[in-house]
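Inspection log for the structure reproduced underneath, given as structure tokens.
Starting from 1, each residue takes its place in the sequence as its number. Because only heavy atoms are used, hydrogens play no part in the values below, and waters and symmetry mates are left out as well, while side chains stay in.
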Amino acid sequence: ESLLDDLEGLGDGKESLLDDLDGLGDGKEASPARERTPAEQAELSWKAFTPDAVDRSRCLARTWGAGRGAQCRRKPREGQPFCSAHEQDERWRVHGRVDGPIPEQKLVD
């Protein structure tokens with residue numbers, strides 16, 4: 001039970017992890033893990049660095065956020081998805097859009 005308590009608040013994916021762990025303490029076997037498709041694996045990798053909620057009234061550029069991934073706090077330019085700083089020289093491409101995948105090279109970093 002304490003392990004399940006420790007897992008509360010993990011965010012996305014918590015339910016499937018808890019489902020896999022559910023019943024381990026009472027002698028039941030966990031259900032076998034399903035193989036994830038490459039597309040699912042790719043999505044999980046960038047979603048791990050995505051805020052729980054995306055604020056559509058803010059710039060949609062992903063920021064470093066101390067290595068956790070975050071959203072730019074600035075207001076976007078009128079009619080544009082990005083603020084002037086991230087729009088300049090397409091700087092938003094460094095970390096990608098907060099609602100989309102992270103560039104592969106940045107995931108490696």
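Of all the heavy atoms in Val98 and Trp46, the pair that sits closest is O-CZ3, 4.5 Å.
Applying the 6.0 Å contact sphere to CD of Gln80 captures more than 12 heavy atoms from other residues, nucleotides or ligands.
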Using a 3.5 Å cut-off and no angle test, enumerate the donor-acceptor pairs between side-chain atoms of residues 68-76 and protein atoms at least two apart in sequence or in another chain.
from  : atom 1 : to    : atom 2 : distance (Å)
Gln71 : OE1    : Asp55 : N      : 2.9
Gln71 : NE2    : Asp55 : O      : 2.7
Gln71 : NE2    : Cys59 : O      : 3.0

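Residue pairs meeting the salt bridge (charged side-chain N to carboxylate O under 4.0 Å, His left out) criterion with at least one partner in residues 80-102, sequence neighbours excluded, are Arg56-Asp99, Arg77-Glu87, Glu90-Arg93, Arg97-Asp99.
Taking the six-membered ring where the residue is Trp, Trp92 and Phe82 present parallel rings, their angle staying beneath 30° rather than reaching 60°.
With rounding to the nearest 0.5 angstrom, the OG1 atom of Thr63 is 7.5 Å from the NE2 atom of His95.
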